[in-house]
There are 2 protein chains.
Amino acid sequence: MLSKKTKYGLKALSFLASQKDKKPVQIAEIASHENISQKFLESILLSLRKTGFLGSKKGKGGGYYLLKNADEILMTDVMRVLEGPIAMVPCVSLNFYEKCDDCPDENTCAVNKLMLKVRDANLSVYRHNTLADLIIT
Amino acid sequence: MLSKKTKYGLKALSFLASQKDKKPVQIAEIASHENISQKFLESILLSLRKTGFLGSKKGKGGGYYLLKNADEILMTDVMRVLEGPIAMVPCVSLNFYEKCDDCPDENTCAVNKLMLKVRDANLSVYRHNTLADLIIT
DNA sequence: AATTACCCTATTGATTTAATAGAGTAAACA
DNA sequence: TGTTTACTCTATTAAATCAATAGGGTAATT
């Protein structure tokens, strides 16, 4: 299951990408437009800022805005920040590899073999989609 | 993340599929060979029996065995029983569809659009792999 | 009849998730 | 310069899910 955090994060990014200009948008406006708990959204936007996707401006007329063009924001990067590893098991993860403690040999592991294919399929989707591809004009 | 239930279930199925004949294998033997808590494995095998993947035999010489050939067991079916819906959000699920209560319109939803592609990619993997494909001789 | 091994229910501890509360801080504008 | 606005941060909590454990019950085989 996709976490609410990821879901809300994607919706917020899409909303920002659909703005005409790159003027800051207030948290409250994003939250109400996308039906998201404002406080929860705050923490999500904060993590997107800390990872370089968003910029923020304080004070009157402040808010959040995209730091790059939507078509330069890859879904692989967004998903890794919001949802974590793309792989379903650590032993097939590119960025978060870990050996399974219960598995004697990855080369003969049925789970490993299947999850490797699943990972590749998912990666392929995320690599070929940018934030711009999610916007429906 | 893949749940332990699914992981263990896949390992147990693979172990059964790798047997020379279709004689019943005891829970204890599967558990020790695959490093799985025996009691936990019991409940998993039980659910696989109730969903028609396994047969069981009681008494001495009893155990679990595959009801079909490994190449007739599709990963889509196995995954749906063990892990649940393949889709990451209910609004793109084929077998477990549900409308998102926070989303006014699926047709313009960025999350929906992306997760539809992800679902198709995953389905494609699971549909083209059977239990036989997981076995490394 | 005794043994073996499956079958079932209930409970628990740990972890994660989603949300809430409340105080703090920095920037803009009059 | 002071006030408003809106982002920033920490802590807490309620709920849900996951993984495992315990223990007794039942059915089939020898």
Side-chain angles (χ1 to χ4, degrees), chain A residues 1-12 16 23-51 53-67 81-85 88-90 96 100-102 111, chain B residues 1-12 16 23-51 53-67 81-85 88-90 96 100-102 111:
Chain A
M1 278 288 284
L2 197 73
S3 70
K4 297 267 184 183
K5 180 184 173 186
T6 303
K7 189 180 182 186
Y8 294 163
L10 286 173
K11 285 193 170 196
L16 290 176
K23 271 197 299 194
V25 182
Q26 297 172 29
I27 293 178
E29 187 182 343
I30 305 175
S32 81
H33 189 273
E34 299 293 339
N35 290 307
I36 306 173
S37 146
Q38 176 162 343
K39 276 294 187 180
F40 192 22
L41 181 60
E42 275 185 24
S43 69
I44 297 168
L45 294 177
L46 199 60
S47 80
L48 287 172
R49 188 187 66 81
K50 286 182 176 173
T51 47
F53 294 98
L54 299 180
S56 68
K57 200 170 170 235
K58 293 187 179 180
K60 194 167 186 177
Y64 282 97
Y65 52 93
L66 288 181
L67 282 177
V81 163
L82 291 173
E83 189 75 2
M88 292 183 82
V89 281
F96 303 87
C100 297
D101 45 357
D102 62 309
V111 176
Chain B
M1 278 289 282
L2 197 73
S3 70
K4 297 269 183 183
K5 180 183 174 187
T6 303
K7 188 180 183 185
Y8 295 163
L10 286 173
K11 285 194 169 194
L16 290 175
K23 272 197 298 196
V25 182
Q26 297 171 30
I27 292 178
E29 187 182 342
I30 306 174
S32 81
H33 189 273
E34 300 292 339
N35 291 307
I36 306 173
S37 147
Q38 177 163 342
K39 277 293 189 181
F40 193 21
L41 182 59
E42 274 186 27
S43 70
I44 297 168
L45 294 177
L46 198 61
S47 80
L48 287 171
R49 188 186 65 81
K50 287 181 175 172
T51 46
F53 293 99
L54 300 179
S56 68
K57 202 175 167 225
K58 293 187 179 181
K60 193 168 188 178
Y64 281 99
Y65 54 92
L66 288 181
L67 281 177
V81 163
L82 291 173
E83 189 74 3
M88 293 183 83
V89 280
F96 303 88
C100 297
D101 45 357
D102 63 308
V111 177

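Bear in mind that the values here come from a model prediction, so they are computed numbers and not experimental data. In what follows, chains carry the letters A, B, and so on, assigned in the order in which the sequence lines appear, proteins first and then strands, with residues in each chain numbered from 1.
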side-chain N/O [X] vs [N] OP1/OP2, d < 4.0 Å:
X: B:Ser56; N: C:dA5; value: no
X: B:Ser37; N: D:dT21; value: yes
X: B:Ser3; N: D:dT17; value: no

Take the protein atom [atom1] of [X] and the nucleotide atom [atom2] of [N], then report the distance between them rounded to whole Å.
X: A:Tyr64; N: D:dT5; atom1: OH; atom2: P; value: 19 Å
X: B:Phe40; N: D:dA19; atom1: CZ; atom2: C1'; value: 5 Å
X: A:Lys60; N: C:dA30; atom1: NZ; atom2: P; value: 7 Å
X: B:Gln26; N: C:dC6; atom1: CD; atom2: C1'; value: 11 Å
X: A:Gln38; N: D:dT8; atom1: CD; atom2: P; value: 13 Å
X: B:Glu34; N: D:dA19; atom1: CD; atom2: P; value: 17 Å
X: A:Lys5; N: C:dT20; atom1: NZ; atom2: C1'; value: 17 Å
X: A:Leu2; N: C:dT17; atom1: CG; atom2: P; value: 11 Å

Heavy atoms from C-beta onward define the side chain here; which of C:dA28, C:dA26, C:dC7 lies closest to that of A:Lys57? C:dA28
Of all the choices, D:dA27, C:dA27, D:dG24, which nucleotide is nearest to the side chain of B:Lys39 once you look at every atom? D:dG24
Where the side chain of A:Asn35 meets the backbone of B:Asp102, is there a donor-acceptor pair that is under 3.5 Å apart? yes
Exam field: side chain A:Thr51 to backbone A:Ser47, donor-acceptor pair closer than 3.5 Å: yes
Within a strict 4.5 Å, meaning less than it, do heavy atoms of the [X] and [Y] side chains meet?
X: A:Ile44; Y: A:Thr6; answer: no
X: A:Ile27; Y: A:Tyr64; answer: yes
X: A:Ser43; Y: A:Lys5; answer: no

Heavy-atom nearest nucleotide on DNA chain C for A:Tyr8 versus B:Gly63: which residue maps closer to 5'? B:Gly63
How do B:Leu45 and A:Lys58 order along DNA chain C: which one's closest nucleotide is nearer the 5' end? B:Leu45
Assign [X] to base, sugar-phosphate, or nothing according to its heavy-atom contacts below 4.0 angstrom with the strands shown.
X: A:Lys7; value: nothing
X: A:Ile27; value: sugar-phosphate
X: A:Lys4; value: sugar-phosphate

Check if the side chain of B:Glu42 and the base of C:dC7 share a donor-acceptor pair of N or O atoms closer than 3.5 Å. yes
